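What you see below is based on every heavy atom in this structure, not just the backbone, and it leaves out hydrogens, waters and symmetry mates. Note that the coordinates shown come from a computational prediction; the quantities given were computed from them, not determined experimentally.
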Amino acid sequence: MEANEGRQEQGFYIPRELLKEIGKVNSKLLVGIPRERYEGERRLALTPEAVDMLTERGHRVLVETDAGLGINYSDNHYSEAGAEIVDTPAEVYQADIILKILPPLPEEVALMRPRSVLFSLIPFNLFDPRAFELMMAKRITAIAYELMADERGHFPVLNVTSEIEGAASITVASELLSNAQGGKGILLGGIPGVSPTEVVIVGAGNAGTVAARAALALGASVKVFDDDIGKLRRIQQALGQGLFTSTFHPNVLHNAFRSADVAIGAMRYINARRRYVIAADMIRAMKRGALVIDLRVSQGGCFETTCGLSRKGPAIFERYGVLHYCQLDVSNRVARTTSMAYSNIFVPMLFSLGDAGSVQGMAKSDRGFRGGVYMYYGKAVNSYVSNHFNLPSSDLDLYLSAF
């Protein structure tokens, strides 16, 4: 095999055009921010303040017109920050790097340049297999925010989203329990002479911890369940002995659900070894007028009554006399706060990407970033994502080690 046609190493072949592309180094980024086209999606990857920081470093940012209206920023806010406002999606998708919130639609992938880079969340119930196949055909490199880790092994986007959702869940519960929203007419919390509201939280991670803290602050009686005793120990230490914690003991769980006014699902299923789902019998045993809030609908659902819901289904429905709140993206209720939190993470990441010169360089030097790469020049390289689409997964390290 001739050297100018590619490189043969470790039993696999790297095409010549791929060698040329990943060998490019350009420290000045061209970033595109398209308007989200899923109905009701308001969040955006970058605020004007974040754009200003990027453009001051010499990077170019293209923003599709009206993209920021969902977080109450106008085109003028972005143009004053140094962004270039473009009128059509075809223009913004000509950028080298696309920053989205939700996975692209097939028609959006069709507008992307071959071998460009895509960042987005990857809720599988919204990820069209046709879009994934087209991304492979266009040799896109794609990175999932949820799978990116920092130097301590934490998942910053996943963690901050969970914190926002945990806090928002208590606000939602307060609204839906009130008479104004057709609820039982009870106050979430407790006052002298009245029994406190009982809140059951399934999952002791970030979302569960924030939700428990907020509910306790209001005076509610809170019980937290998880399969990880380490998480239960940490949440108990953080919130005190007034918090009840337990593993998934059937009798304890059943008794807790039978008396609960609110049940919040906050288990984390991304890259999880096991999947615990609360059976429908538990929901059937709850009091009439009780409330279930599932924060993990986009990951498949925490309750048997909420598993497999699509975006087209109702966000609020009743089953067994229990009200279910199943908004796919609870953080979308506070889209501006969420976008600001995301910007705090994405700006340093983009600075590092510019310093590294390429996705290849960044993936080589940053193990946490490398974990977020699920497609590399059209090759599926993350088993968690590939398994969902019933595709084989290649080893990203093999591609990176060849250069």
CD1 (I143) and CZ (F369) are apart, to the nearest 0.5 Å, by 4.5 Å
Checking side-chain contact (heavy atoms from CB on, under 4.5 Å) for the pair I122/Y145: CA distance, chi angles, key distance, verdict? CA-CA 8 Å; I122 52 164; Y145 299 137; over 6 Å; no
Which of these, N159, V157, L350, sits in a side chain to side chain contact (heavy atoms under 4.5 Å, CB included) with I345? V157
d(E108 CD, L118 CG) to nearest 0.5 Å is 9.5 Å
Examine R57 relative to F351 and say whether NZ or CZ is less than 6.0 Å from the centre of the six-membered ring and inside a 45° cone about the ring axis. yes
Are the side chains of F124 and Y384 in touch, meaning some heavy atoms are under 4.5 Å apart? yes
side-chain contact (heavy atoms from CB on, under 4.5 Å) evaluation trace for L188 with V199: CA-CA 9 Å; L188 180 59; V199 178; 3.8 Å; yes
Derivation of the side-chain contact (heavy atoms from CB on, under 4.5 Å) call for E198 and V262: CA-CA 7 Å; E198 294 190 33; V262 181; over 6 Å; no
Lys/Arg N to Asp/Glu carboxylate O, R284 vs E304, below 4.0 Å: no
Side chains of H77 and S74: do they bring a donor and an acceptor to under 3.5 Å? yes
Do you see a donor-acceptor pair shorter than 3.5 Å between the side chains of S331 and R43? yes
Got R37 and P89 here, is their nearest side-chain heavy-atom distance under 4.5 Å? yes
Looking at K379, I want to see if its NZ is surrounded by more than 12 non-hydrogen atoms of other residues, nucleotides or ligands under 6.0 Å. no
Measuring only between side-chain heavy atoms, which start at C-beta, is P392 closer than 4.5 Å to S386? no
Please tell me if the side chains of E84 and Y78 come closer than 4.5 Å, counting only heavy atoms from C-beta onward. no
Are there more than 12 heavy atoms of other residues, nucleotides or ligands under 6.0 Å from atom CE of M53? no
Within the structure provided, determine whether I164 and V334 are in side-chain contact (heavy-atom separation under 4.5 Å). yes
Can Y320 and R288 be counted as having a side-chain donor-acceptor contact under 3.5 angstrom? no
What pair of heavy atoms forms the shortest contact from G32 to A95, and how long is it? N-CB, 3.4 Å
Within this structure, what is the CG-CG distance for the pair L99 and L54, rounded to the nearest 0.5 Å? 9.0 Å
Measure the shortest side-chain to side-chain distance between F132 and L391 over non-hydrogen atoms and say whether it is less than 4.5 angstrom. yes
Could you check whether Q236 and T245, counting side-chain N and O atoms only, form a donor-acceptor pair closer than 3.5 Å? yes
Side chains of Y342 and T161, donor plus acceptor under 3.5 Å: yes
Give a yes or no on whether R367 atom CZ has more than 12 heavy-atom contacts from other residues, nucleotides or ligands under 6.0 Å away. no
Can you see whether S162 engages E165 through a side-chain donor-acceptor pair at a distance of less than 3.5 angstrom? no
Side-chain contact, heavy-atom cut-off 4.5 Å: H324 with I316? no
Just checking, is any N or O donor in the side chain of T306 or D294 under 3.5 Å from an acceptor N or O on the other one? yes
Please determine, by modelled atom types, if T65 and D75 share a side-chain donor-acceptor pair under 3.5 angstrom. yes
Could you label the plane-to-plane angle of the F303 and F257 rings as parallel, tilted or perpendicular, counting under 30° as parallel and over 60° as perpendicular? perpendicular
From CA spacing to verdict: side-chain contact (heavy atoms from CB on, under 4.5 Å), I33, L62: CA-CA 6 Å; I33 310 292; L62 308 181; over 6 Å; no
Y276 side, atom OH; C302 side, atom SG - distance, nearest 0.5 Å: 13.5 Å
Would you kindly say whether R370 and N382 are connected by a side-chain donor-acceptor distance under 3.5 Å? no
Heavy atoms of other groups near R130 CZ, more than 12 under 6.0 Å: no
Regarding K100 and E41, does a basic nitrogen lie under 4.0 Å from an acidic carboxylate oxygen? no
To the nearest 0.5 Å, what is the distance between OG1 on T305 and CD1 on I278? 10.0 Å
So, R333 and E175, do they make that salt bridge, N to O below 4.0 Å? yes
Measure across F127 and M135 and return the closest heavy-atom pair with its distance rounded to 0.1 Å. CZ-SD, 3.9 Å
For M340, look at atom CE and say whether over 12 heavy atoms of other residues, nucleotides or ligands are found less than 6.0 Å away. no
Could you tell me which non-hydrogen atom of A215 sits nearest to which non-hydrogen atom of I170, and how far apart they are? CB-CD1, 4.0 Å
